[in-house]
4 protein chains.
Amino acid sequence: MKKKAEERREQILRAAFQAVSDKGYETVTLQDIADYAGVSKGVTNYYFKNKEDVFLSLLEWVTDRIYQHEHQAVSQKTTAIEKLEAYIHSVFIDPEKNKKFYKVYLDFMAQASRNPHYRKINLKFYENCWKIGRDIVALGQKEGTFSSDIQADTASKMIRSIIDGCLIQWLMRDEDHLHEFYKKTCYEVILKYLK
Amino acid sequence: MKKKAEERREQILRAAFQAVSDKGYETVTLQDIADYAGVSKGVTNYYFKNKEDVFLSLLEWVTDRIYQHEHQAVSQKTTAIEKLEAYIHSVFIDPEKNKKFYKVYLDFMAQASRNPHYRKINLKFYENCWKIGRDIVALGQKEGTFSSDIQADTASKMIRSIIDGCLIQWLMRDEDHLHEFYKKTCYEVILKYLK
Amino acid sequence: MKKKAEERREQILRAAFQAVSDKGYETVTLQDIADYAGVSKGVTNYYFKNKEDVFLSLLEWVTDRIYQHEHQAVSQKTTAIEKLEAYIHSVFIDPEKNKKFYKVYLDFMAQASRNPHYRKINLKFYENCWKIGRDIVALGQKEGTFSSDIQADTASKMIRSIIDGCLIQWLMRDEDHLHEFYKKTCYEVILKYLK
Amino acid sequence: MKKKAEERREQILRAAFQAVSDKGYETVTLQDIADYAGVSKGVTNYYFKNKEDVFLSLLEWVTDRIYQHEHQAVSQKTTAIEKLEAYIHSVFIDPEKNKKFYKVYLDFMAQASRNPHYRKINLKFYENCWKIGRDIVALGQKEGTFSSDIQADTASKMIRSIIDGCLIQWLMRDEDHLHEFYKKTCYEVILKYLK
DNA sequence: TATGAATGAGGCTTCATTCAT
DNA sequence: GATGAATGAAGCCTCATTCAT
């Protein structure tokens, strides 16, 4: 039954993800989430302590999924350049998915700016992302592909800043066709920075 | 009397800015704003059509102020490098102010991701910022300081992406002392990109 | 200045009449009335104690005007039948005016059913109307036109009941062209009753 | 469970009827209705979309109940005169009930004069009432009791006009003992008209 | 006299949460 | 486990009224 419960929770989180993406963090109601999940209103309160608990769980779940996806993509490549490409490629997955995630992610960052619980979960996500970046940079330096003037640690922070900065700006412009532009340019900026 | 009303509106916007920064876009109430402004509850509805009108006005007001400040800083310098430095310097003004603004700005971007009214105001802000960046890059290219391989237009988008990406990451980490790090590194990344 | 004030009050009452007819007793605001009167918001409170005072004055003013009009019409005729015709004619004046008045009058009767102040004013109106009816019936009986089986007093109550009943039903049906039907049939019913 | 909900709605409508009768359409609050129903404030919004929905439902419910009552009374008699008597008797049921209903009904007519939703419901009520009247008149004509000069259709409109006109005037006069007078005279006027 | 800025009470409505079934 | 009826807190908004100018 532990198994069943786990599935139920994920079903709700998945619904919550879609619901929040559609309606926004503060606008979405527990009723909305229940509707999206195709369950009754009470269920959410049965599997989660309260609304905030749903959202904290959602942030954790979604950032972890994103990270796993990125990690997997990168780990399948061998050279630093290939890994960097794979990373960017997995991050800029496609307009639909990026939109869905970054809408929710912006909501959570807005919360995180005032609520340490969200901040803590986001920090874990950051650290995972930084790790990916740091490893790529370190590998590139070992390969001689990237400049040894830069610090892998510092670079990892910048890589994620640039990625998030680009995808947020892309989201704000609300023109799907620019996705390609931001993906390509983001990659170029990072590459030039690392070389 | 037109004058008086204008002052009143700004007084309320100023209060709203502080209130939203403290409590968050969705959490803040009109009562909060009135309290911050030291006026009665009804005043907000007297000077603004409704809550959303306050917020739209606030976004417009605050982004315009920011832009004016940046513009002024840059226009006082003559070389591209000086201008870029001045730009970064005026953006990364200080931890307190950056925190205050980016908290509110994140809130608004979260709204903008679903509400075209906010998106439109933000786009105007973007365009202003891009203009600053584009002019600096174009000048740098004319001076021979910056590479002529890059497009000023493209670069201007990246400059702002990097800036916002850095400041958001900085805000999320909630460590004031990192402000210096992000400011310096942001500048370096941009410079390396432009050269 | 007593004169001036009286004119101002009437200007406001006239505006209030139109405003209430358009928007309804409970929906209309003092601002609406001021707008209709082309004066500033404060004026209403200057010439009337409060909102209820405006409405009480309005009911008094409008019912008195109606009565004066009816009275004048009837007094110009000599025979009972002519007077009755003139009465009905002046009551069923035209669709536009009947609509305007009965909308307001219904509002006031709804109030009067619970508020004795309105009830008292309406009673005065009733008594005026009854007087018209009673005089017509008495004259008709003296002439030998109307049956002497009926009591003039009783008949006067019925005459007004039938009139109001007809015009209210007409108003509720919201078909202007039925005005003629109700006018004609109302007259016939009364006549048959009196003969 | 559908059953339970239906009962709840009726419980609320019953409470609303009493509350509106006591306090008036515009004065009554949802809190009042909840109090009268002995439930919490939220319940009303649970069973009805909003305040207007409560009122529309109330008008429909109450006019239907009245009609059913009248219809039943009439259908138990066989001759036209008996039916007419039964109709008047069921309409002029007693001062208490007439007061309660006509207070509410006046409120609704005041609304109906501007709001087509109310008007539509009232029209259905009218049509039901007219049907009762028309059938009585037609029967009377077939029996030879009533004049064949009048049109049943026209008469049905007049019958209801006279009834409403009398009961409204009676309500406005606020003297319970006059109930008998209006009942008797109303009947006489109608009878004389039909003969 | 007249204006309209300011106040604050009060109502509708939404919704997280509880809890009996 | 699951449901959804019921509660009541809290916010937005409207508007009569006051009052300084």
Side-chain angles (χ1 to χ4, degrees), chain A residues 1 4-5 8 12 26-35 37-55, chain B residues 1-2 4-5 7-9 12 26-34 37-55, chain C residues 1 4-5 8 12 26-35 37-55, chain D residues 1-2 4-5 7-9 12 26-34 37-55:
Chain A
M1 50 203 73
K4 191 81 168 294
R8 210 78 165 119
I12 293 167
E26 297 279 3
T27 306
V28 88
T29 67
L30 289 181
Q31 182 67 69
D32 287 331
I33 295 173
D35 290 348
V39 298
S40 82
K41 198 177 168 228
V43 172
T44 309
N45 277 289
Y46 193 82
Y47 287 98
F48 296 90
K49 214 166 67 236
N50 52 33
K51 203 186 181 188
E52 186 173 24
D53 188 29
V54 178
F55 287 148
Chain B
M1 49 208 76
K2 205 58 176 297
K4 193 82 170 293
E7 277 171 23
R8 211 82 167 109
R9 276 178 66 98
I12 293 167
E26 298 277 6
T27 307
V28 88
T29 68
L30 290 180
Q31 181 67 69
D32 287 331
I33 294 174
V39 296
S40 83
K41 197 170 153 239
V43 171
T44 311
N45 277 289
Y46 189 79
Y47 286 98
F48 296 91
K49 220 171 55 243
N50 51 35
K51 203 186 181 188
E52 186 173 23
D53 188 29
V54 178
F55 287 149
Chain C
M1 49 205 73
K4 191 84 169 292
R8 210 79 165 118
I12 293 166
E26 297 278 3
T27 307
V28 87
T29 67
L30 290 181
Q31 181 68 68
D32 287 330
I33 295 174
D35 291 347
V39 298
S40 83
K41 198 176 167 230
V43 171
T44 309
N45 276 290
Y46 193 82
Y47 287 98
F48 296 91
K49 213 166 67 237
N50 53 30
K51 201 185 181 187
E52 187 174 22
D53 188 30
V54 178
F55 287 148
Chain D
M1 46 210 77
K2 205 59 176 298
K4 193 80 170 290
E7 277 171 23
R8 210 82 167 111
R9 277 177 67 98
I12 293 167
E26 298 278 4
T27 306
V28 88
T29 68
L30 290 180
Q31 182 68 69
D32 287 331
I33 295 174
V39 296
S40 84
K41 196 168 154 246
V43 171
T44 310
N45 277 289
Y46 190 81
Y47 287 97
F48 296 90
K49 220 169 54 245
N50 50 35
K51 203 186 183 189
E52 186 174 24
D53 188 29
V54 178
F55 287 150

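Because the structure is a prediction, the values reported are computed rather than measured. Quick note: numbers below take in every heavy atom, side chains included, and nothing from hydrogens, waters or symmetry partners.
Both A:Arg8 and D:Ser40 lie near DNA chain F, and the one whose nearest nucleotide falls closer to the 5' end is A:Arg8. Comparing C:Val43 and B:Gly38 along DNA chain E, the residue whose closest nucleotide (by nearest heavy atom) sits nearer the 5' end is C:Val43.
Taken to the nearest 0.5 Å, the CG atom of B:Asp32 stands 9.0 Å off from the OG1 atom of B:Thr27. A distance of 13.0 Å separates CG of D:Asp53 from NZ of D:Lys51, quoted to the nearest 0.5 Å. The CZ atom of B:Arg8 lies 6.5 Å from the CD1 atom of B:Ile12; values are rounded to the nearest 0.5 Å. Atoms CD and CZ, from A:Glu26 and A:Phe55 in turn, are 7.5 Å apart once rounded to the nearest 0.5 Å.
In this structure, A:Phe48 atom CZ and E:dT18 atom P are separated by 16 Å, rounded to whole Å. Rounded to an integer number of Å, the gap from B:Asp32 CG to F:dA10 C1' is 12 Å. Atom P of nucleotide E:dA20 and atom NZ of D:Lys4 are separated by 13 Å, given to the nearest angstrom. If you measure from atom CZ of D:Phe55 to atom C1' of E:dC12, you get 11 Å, rounded to the nearest angstrom. Atoms OH (D:Tyr46) and C1' (F:dG8) sit 16 Å apart, rounded to a whole Å.
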Quick one: the dot-bracket string of DNA chain E, using Watson-Crick and G-U wobble pairs with both distances under 3.5 Å, [ ] for crossing pairs and | for bases paired to another strand.
.||||||||||||||||||||

Distances under 3.5 Å only, N/O to N/O: pair up the protein atoms with those of nucleotides 11-15 of chain F.
{"residue": "F:dC12", "atom": "OP1", "partner": "B:Lys51", "partner atom": "NZ", "Å": "2.5"}
{"residue": "F:dC12", "atom": "OP2", "partner": "B:Leu30", "partner atom": "N", "Å": "3.1"}
{"residue": "F:dC13", "atom": "OP2", "partner": "B:Lys51", "partner atom": "N", "Å": "3.0"}
{"residue": "F:dC13", "atom": "N4", "partner": "B:Lys41", "partner atom": "NZ", "Å": "2.3"}

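Close to F:dA2, at under 4.0 Å from its OP1 or OP2, lies a side-chain N or O of A:Tyr47.
Within the structure, side-chain hydrogen bond (donor to acceptor under 3.5 Å, both in side chains) pairs that include any residue of residues 38-50 of chain D do not occur (at least two apart or interchain).
In terms of the side-chain hydrogen bond (donor to acceptor under 3.5 Å, both in side chains) criterion, B:Arg9 has no residue partners (sequence neighbours excluded).
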